Amino acid sequence: MKLRRFATQELATVYVAAMVESLITRESHPVLGLATGATPVRLYDRLVEFHQQGLSFAHVTTINLDEYVGLPATHPQSYRRFMHEHLFDRIDIPLAQTYVPDGMAINIDDECERYDAVLDTYPIDLQILGIGRNGHIGFNEPDISLKTRTHVIDLTEDTIKANARFFPDVNRVPTRAITMGIQSILQAKAIILMAFGSDKADAVRRALSGEVSTEVPASFLQMHPNVTFVLDEEAAQQLQTGQLLQASEWSRPHPW
Ligand code: GLP
C-alpha cells in the first residue's frame, strides 16, 4: 500500500497522468482500467494534453468499471458518453479498443458474462479508481456481501443522491448499474485510487483503517500488493499519523 498526499488536486493529477504515461510508453499492449465521475476529469485533460504533445494511445486498450442500466451510449449522463467527451474523442485510441458495459443490453446477464470475457482477454495493467462517499468502488456498493465478477447492482440512496448532481433532478438518476466486481478490480496488476475533497475524507479513512469490510468496499484494496492512494490534503485530513506512515511504504516497484 502506498499513499501520496499532494497540496492540490492539480499536482495529484499530474502525478497520476505521469504514471499512466510511464505505463503506455513502456508496454506494447497496455490495458488501462478507467473510471468516471468528477475525480478523473482533470486526469483525462492532462492525458489529452500529453497526446497533443505526441503521446499516442493507438496501442492502448481501455476497460471501464461500470455503466448505468437503461441509459443508451448517446445519453448525456451515460458513462460511455462521458468517456467519449473527456477522453476517447480527444486522443487517437481506436474505439474498438475501448470497453464500457452496455447498459442497454437486452440480456443483462449475457452482458455481464461478455464483460468478464473481455476482462479475461485483457488483464488490466493499471486500474484507475475514484471512491464513493460511502466507500464504493466502481459501483460495488456497501452490503453484507460483495460480488466478485461483473454484475448488476441496485444503487444505494446515498449514491443516487451523490450522482444527482450530474442529472436534471434526482428522479432521473438510474437506480441500477452494471459494474465490474471486486475480484476483477483486485486482479489489476496495479491500482491507483484518487480521492479529492473533504467529502471523501471519511471514506478514505475507513478504506485505510486496517480492517476489511464489505460495508466499505474500498477497504478490500488493502489486500492488493500494488495499490496507491493519491489524495489531496482535504481527502487525507482524517488519517492519523500512524495510518499515514503505515500506508506510505515506498519500496514496492510498479510491475511495468
Ligand atoms: C460513481 C462511479 C465511481 C466513482 C464515484 C465517485 O459512483 N461509479 O466509479 O468513483 O462515482 O465519483 P466522483 O469522482 O464524482 O466523486
Side-chain angles (χ1 to χ4, degrees), residues 8-10 12-13 16-17 32-46 62-71 75-83 85-87 99-103 112 115 119 124 126-143 146-147 150-167 170 172-182 184-186 188 191-208 216-221 227-232 234-236:
T8 65
Q9 266 189 58
E10 284 303 331
T13 300
V16 178
L32 272 179
L34 296 180
T36 50
T39 306
V41 166
R42 288 195 173 103
L43 167 66
Y44 298 148
D45 288 342
R46 295 292 81 75
T62 63
I63 304 184
N64 266 77
L65 284 164
D66 47 17
E67 178 61 284
Y68 290 114
V69 170
L71 295 193
H75 189 283
Q77 268 70 45
S78 80
Y79 284 168
R80 167 54 83 175
R81 169 90 177 262
F82 174 101
M83 290 310 304
E85 271 175 22
H86 291 285
L87 189 64
Y99 295 92
V100 181
D102 178 3
C112 292
Y115 216 64
L119 287 160
I124 293 174
L126 173 61
Q127 175 69 56
I128 303 293
L129 293 176
I131 186 169
R133 291 184 316 196
N134 62 4
H136 75 235
I137 46 176
F139 267 133
N140 291 277
E141 294 276 43
D143 207 336
L146 298 177
K147 296 254 177 16
T150 307
H151 59 282
V152 176
I153 188 129
D154 291 325
L155 301 180
T156 62
E157 235 180 274
D158 189 61
T159 297
I160 292 172
K161 267 193 218 146
N163 289 4
R165 69 202 135 119
F166 300 113
F167 290 81
V170 72
R172 307 269 197 95
V173 185
T175 55
R176 293 195 307 156
I178 301 179
T179 182
M180 266 166 62
I182 285 287
S184 304
I185 292 172
L186 292 176
I191 298 174
I192 294 178
L193 183 143
M194 304 166 75
F196 305 135
S198 54
D199 63 336
K200 298 294 173 69
D202 185 56
V204 165
R205 177 185 57 77
R206 294 169 73 210
L208 292 172
V216 187
S219 67
F220 277 74
L221 297 173
V227 59
T228 306
F229 274 57
V230 176
L231 310 174
D232 67 0
E234 290 175 334

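Whatever order the structure lists them in is the order used to number ligands and atoms, beginning at 1. Numbers here are sequence positions counted from 1. A quick note: this is a predicted structure, and the numbers were derived from the prediction, not measured.
Between I124 and G33, the shortest heavy-atom distance links the atoms CG2-N, 3.6 Å.
By the 4.0 Å N-to-carboxylate-O rule, D202 lies close enough to R205 to be salt-bridged with it.
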Residues 173-181, side-chain donor-acceptor partners within the protein, below 3.5 Å, at least two apart:
from: T179; atom 1: OG1; to: F139; atom 2: N; distance (Å): 2.9

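The contact shell of ligand 1, taken as protein residues with any non-hydrogen atom closer than 4.0 angstrom, comprises T36, G37, A38, T39, D66, Y79, G130, I131, H136, G138, F139, N163, R165, F166, K200.
Checked against a 6.0 Å centroid threshold, the rings of Y68 and Y79 count as neighbours.
When the side chain to side chain contact (heavy atoms under 4.5 Å, CB included) test is applied to Q77, the partners found at least two apart in sequence or on another chain are L71, H75, F166, F167. For the side-chain hydrogen bond (donor to acceptor under 3.5 Å, both in side chains) test, no residue two or more places apart in sequence or in another chain qualifies with D199.
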